[in-house]
Amino acid sequence: MKVISHELLNSITPIRSICQNLQDLVEQDSLSSEDLEDIKNSVETMLRRSNHLQKFVEGYRKLAMLPSPKKQKIELKDLVDNSLDIMEPMFKKENIEIINSISRHYFITVDAQQIEQVLINLLTNSINALKKTNQKQIFISAEAKENRTFIKIADNGIGIEKEIENKIFLPFFTTRNEGAGIGLTLSKNIIEAHGGYINYKNENGKTVFEICLIGD
């Protein structure tokens, strides 16, 4: 509620102030060219803040109304390959090398659409982390231990600063101006709804997100 209140006030307060200013302007007997310019800028600002607020509300709805997973047995490599195909144009645009070492013998029982969304969220995070890296690489691997399947997505990007490591899964927390701050929270919720967990670590200079899915 603290986060929601803060975000709502950040949009409503300036919009209310702009509306008051507009009201004063339109009550004048005549409008100058400067007044018209002020009105135009005010409307643009309100639209921008309204769009931000709409994105925030849509993000909250995604977190609050996550449907229960509809699980089916699928091959992990097929799921990963589908996610990579979706992201391929972005990899090409950013000149990112994908090193995928997942073989064909990992079967998992999951909601394919939801887990695909998690993979896309993590791959998108990696793309953003690699913006300032010269030789851009994303590493994907998997390992099965007893009834658990571990999926790792790593990159050699800038990494996550120590002081924010404990905040990355919080709703609406983001370090990017254009970010909504729900990608990792949604991913965490999806994996936990599957009975698994997701964590972050730094491994040999790489940023690693590890998903653990527990078999039936």
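- A side chain to side chain contact (heavy atoms under 4.5 Å, CB included) with Thr207 is found for exactly one of Asp155, Ile153, Asn125, namely Asp155.
- Side-chain atoms of Asn156 come within 3.5 Å of backbone N or O of Gln135 as a donor-acceptor pair.
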List the steps, then state whether salt bridge (Lys or Arg N to Asp or Glu O under 4.0 Å) holds for Glu210 with Lys201.
CA-CA 8 Å; Glu210 183 179 63; Lys201 55 187 172 182; 3.8 Å; yes
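- Remark: side-chain polar atoms of Tyr106 are paired, donor with acceptor, to backbone N or O of Ala142 under 3.5 angstrom.
- Remark: Asp78 engages Arg104 in a salt bridge (charged side-chain N to carboxylate O under 4.0 Å, His left out) (not counting sequence neighbours).
- Evaluation of the side chain to side chain donor-acceptor pair (under 3.5 Å) test over residues 15-27, restricted to residues two or more places apart or in two chains, returns none.
- A cation-pi arrangement is absent between Lys152 and Phe139, since the terminal nitrogen or guanidinium carbon is not both under 6.0 Å from the aromatic centre and inside a 45° cone about the axis.
- In this structure, the side chain of Thr149 does not engage the main chain of Glu143 through any donor-acceptor pair within 3.5 Å.
- Checking side-chain atoms of Gln113 against main-chain N and O of Lys70 turns up no donor-acceptor pair under 3.5 Å.
- Salt-bridge check for Lys136 with Glu94: passed, with a basic side-chain N closer than 4.0 Å to an acidic carboxylate O.
- In this structure, His194 contributes its side chain and Pro69 its backbone to no donor-acceptor pair below 3.5 Å.
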Kindly list each side-chain donor-acceptor pair under 3.5 angstrom involving residues 35-44, sequence neighbours excluded, with atom names and distances?
from, atom 1, to, atom 2, distance (Å)
Asp35, OD2, Gln28, NE2, 3.0
Asp35, OD2, Ser32, N, 3.1
Asp35, OD2, Ser32, OG, 3.2
Asn41, ND2, Glu37, O, 3.3
Ser42, OG, Asp38, O, 2.8

